[in-house]
Amino acid sequence: MATDQAETGGESHGDTYERFERRVQRISNVSNAAGVLRWDQEVVMPEDGTPARAQQLSTLSSLGHELLTDDETGELLAELEESDLTGEQAAVVREIRRQYDRETSVPQELVEEISETTANAHPKWKKAKENDDFETFAPTLEKLVELKREYAEHVDPDADPYAVLFAEYEPYLDLETAERVLERLRDELVALIEEIDASDADLETDAFSGEFDDDDQEALARDVLDSLGYDWDRGRLDTAPHPFSSGTQFDARVTTRFEEDDLLGSITSTIHEFGHANYTLGLPDDGYGTPLGESRDLSVHESQSRLWENHVGRSRPFWEQFLPIARERFAELEDVTPEEAYEAANQVYDDNLIRVEADELTYHLHIVIRFEIERELLSGDLEVADVPEVWNDKYEEYLGVRPETDAEGCLQDIHWSHGSFGYFPTYSLGSVLAAQLYAAAEDDLGDLDDDIRAGEFDDLNGWLRENVHQHGCRYTTPELIEQATGESFTADYFLEYVEEKYGELYDL
């Protein structure tokens with residue numbers, strides 16, 4: 001990892017920074033240990049393990065909070081901020097200062113209560129979804145909204161609570177930027193979707209119809225990961241009700257899910273989570289335990305998953321390369337052509353209720369709906385009891401479909417059980433950034449279609465390693481985007497990409 005050549009300010013300063021870095025690494029290790037426990041809870045923990053797991057996670061959360069907010073951390077930060085730091089050291093101090101200021105403003109009892117409540121919320125959400133019973137989850141959601149409001153008020157009593165919570169996931173792109181991007185996507189994509197609805201184009205939509213065995217789907221998911229270059233020595237594949245990836249550069253795990261009538265969904269989900277894990281694995285080993293070895297917030301993280309899922313996994317060259325591999329697992333695909341697979345992977349749905357199954361275009365309207373509901377919940381303009389009806393009304397207004405059950409409506413996402421309010425906008429911001437990064441990669445490397453068609457991903461991955469992954473949190477999000485692309489954050493590339501791609505598909 002490159003280091004700045006500035007003077008470190010002498011032995012005293014060096015000793016102080018080393019002491020600070022050891023403290024930061026201890027905080028990071030507590031957090032990473034909690035991450036493994038959360039992975040275990042969602043993947044393999046016995047159903048009745050929740051009471052103990054909630055206490056374990058609460059204790060680790062408390063320990064991390066104590067280490068971060070201890071007076072010694074504040075004293076070290078103050079001393080180092082007056083020192084002559086290298087660029088990388090200054091970045092670590094900047095990131096820990098931001099965390100320290102937020103955490104010291106929040107009482108430890110509240111931190112513990114949030115941690116224990118979210119740990120207990122997960123099985124309640126899962127059961128409510130299985131039973132299509134929002135009312136059993138509503139009290140937990142009410143509690144989480146109250147706790148997060150209280151949290152936001154402690155951090156900044158004068159700010160919009162939603163802006164405070166959004167900054168948990170994206171601290172350097174402000175909420176106004178997110179709103180501006182979401183409004184532009186809503187306005188321009190609605191018009192494009194209306195054109196597609198009016199199109200006479202007849203896409204092949206049944207290329208992946210049929211029933212597909214879970215074990216065979218898992219084997220194909222492993223084929224996908226092999227094809228993309230997943231490092232099995234530092235990763236593994238499991239299943240979870242809501243696919244996710246978690247870990248560190250030494251252990252970045254992927255989960256996916258299998259449904260017998262949705263082979264394409266398991267493929268795209270696996271590629272999406274590969275993108276997350278691939279970013280994590282690309283972080284510098286020698287930065288582990290400090291912000292230099294941690295990912296740059298959720299918009300950048302989502303850009304990596306959406307880049308691999310959409311710009312690679314939904315491309316025509318990818319299906320020319322991967323369909324023969326899929327045929328070896330599933331004889332049902334013998335007569336499917338790469339063009340038919342490509343069309344099926346990119347059809348725009350006029351009746352889809354599920355965000356994780358959405359196409360590239362309508363996906364962002366799913367995000368807008370969640371964003372608007374979250375804002376109203378946190379502001380107090382919407383009662384939890386009214387969420388299902390408001391959710392269904394917005395789906396009817398924006399997507400022309402109305403959920404018949406809460407399981408396919410407001411209970412479909414896991415994020416609220418985590419207390420993750422402010423998280424959803426990063427999905428759209430990440431998609432927008434993915435297009436900008438992919439365009440910059442092609443500017444540097446040339447057209448990538450031939451590489452994808454040949455199953456060669458080293459050049460693309462190398463570009464991402466060099467321009468995104470290796471920097472960890474060295475730069476703020478706007479700085480990282482500028483470094484990687486030479487431009488500030490813009491939705492132009494995403495909108496140009498979807499207009500060209502779907503214009504060609506649907507003869508617009």
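Counting from 1, the numbers follow the sequence of the chain as shown. Note that the structure is a prediction, hence the values are computed from the model and not measured. We use all heavy atoms of the structure for the numbers below, so side chains are in, but hydrogens, waters and symmetry mates are not.
- Around atom CD of Glu404, no more than 12 heavy atoms belonging to other residues, nucleotides or ligands sit under 6.0 Å away.
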>> salt bridge (charged side-chain N to carboxylate O under 4.0 Å, His left out) for Glu47 and Lys126? Distances and angles first, verdict last.
In response: CA-CA 11 Å; Glu47 281 190 23; Lys126 186 178 178 182; 5.3 Å; no
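- Between Trp319 and Phe322, the two ring planes are perpendicular [angle over 60°; tilted spans 30° to 60°].
- Every side chain to side chain donor-acceptor pair (under 3.5 Å) that Asp40 has, sequence neighbours left out, goes to Arg53.
- In terms of heavy-atom proximity, Val164 sits nearest to Ala159 at CG2-CB, 3.7 Å.
- Taking Asp206 as the reference, nothing meets the salt bridge (Lys or Arg N to Asp or Glu O under 4.0 Å) condition, with sequence neighbours excluded.
- Ion pairing of Arg184 with Asp492 is present here, as a side-chain N (NZ or NE/NH1/NH2) and a carboxylate O approach within less than 4.0 Å.
- Under the 30°/60° scheme for interplanar angles, the aromatic rings of His366 and Tyr363 are found to be tilted.
- Of all the heavy atoms in Phe137 and Lys124, the pair that sits closest is CD1-C, 4.2 Å.
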> Can Thr477 and Glu170 be said to form a side chain to side chain donor-acceptor pair (under 3.5 Å), step by step?
Replying inline: CA-CA 8 Å; Thr477 308; Glu170 185 44 75; 3.0 Å; yes
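- Across Arg257 and Ser266, no two heavy atoms sit closer than the pair O-CB, 3.4 Å.
- Minimum heavy-atom separation, Trp125 to Ser417: CB-CB, 3.7 Å.
- Crowding of Glu389 atom CD: a count of heavy atoms from other residues, nucleotides or ligands under 6.0 Å not exceeding 12.
- Nearest heavy atom pair, residue Leu185 against residue Ser428, reads CD1-CB, 4.0 Å.
- Between Glu372 and Arg186 there is a salt bridge, since at least one side-chain N of the basic residue sits less than 4.0 Å from a carboxylate O of the acidic one.
- The closest side-chain donor-acceptor pair between Trp416 and Glu374 falls under 3.5 angstrom.
- Using a 3.5 Å distance cut-off with no hydrogens or angles, the side chains of Ser305 and His276 do pair a donor with an acceptor.
- Counting only N and O atoms by type, the side chains of Tyr506 and Glu195 include no donor and acceptor under 3.5 Å apart.
- The pair Asp393-Arg402 counts as a salt bridge, with a side-chain nitrogen and a carboxylate oxygen less than 4.0 angstrom apart.
- Side-chain polar atoms of Tyr502 and Glu360 form a donor-acceptor pair below 3.5 angstrom.
- A salt bridge links Lys143 and Glu113; the closest N-O separation between the charged side-chain nitrogens and carboxylate oxygens is under 4.0 Å.
- Defined by atom type and a distance below 3.5 Å, a donor-acceptor pair is missing between the side-chain atoms of Glu273 and Thr256.
- The aromatic rings of His415 and Phe424 sit tilted relative to each other, their planes meeting at an angle between 30° and 60°.
- Salt-bridge formation is detected for the pair Arg98/Glu95: a Lys NZ or Arg NE/NH1/NH2 atom is positioned less than 4.0 Å from an Asp or Glu carboxylate oxygen.
- Under the 4.0 Å criterion applied to side-chain N and carboxylate O atoms, Glu168 and Lys148 are not assigned as salt-bridge partners.
- A donor atom on one side chain and an acceptor atom on the other are found under 3.5 Å apart for Gln304 and His469.
- Considering all non-hydrogen atoms of both residues, Phe457 and Val312 come closest at CE2-CG1, 3.7 Å.
- Side-chain contact between Ile414 and His418 is present, with heavy atoms from C-beta onward closer than 4.5 Å.
- Taking 4.5 Å as the limit, every side-chain heavy atom of Thr136 sits out of range of all side-chain heavy atoms of Asn131.
- Between Arg375 and Glu179 there is a salt bridge, since at least one side-chain N of the basic residue sits less than 4.0 Å from a carboxylate O of the acidic one.
- Atom CD of Glu408 sits in a crowded spot, with more than 12 heavy atoms from other residues, nucleotides or ligands closer than 6.0 Å.
- Leu307 has its side chain within reach of Leu460: a pair of non-hydrogen atoms, C-beta onward, lies under 4.5 Å apart.
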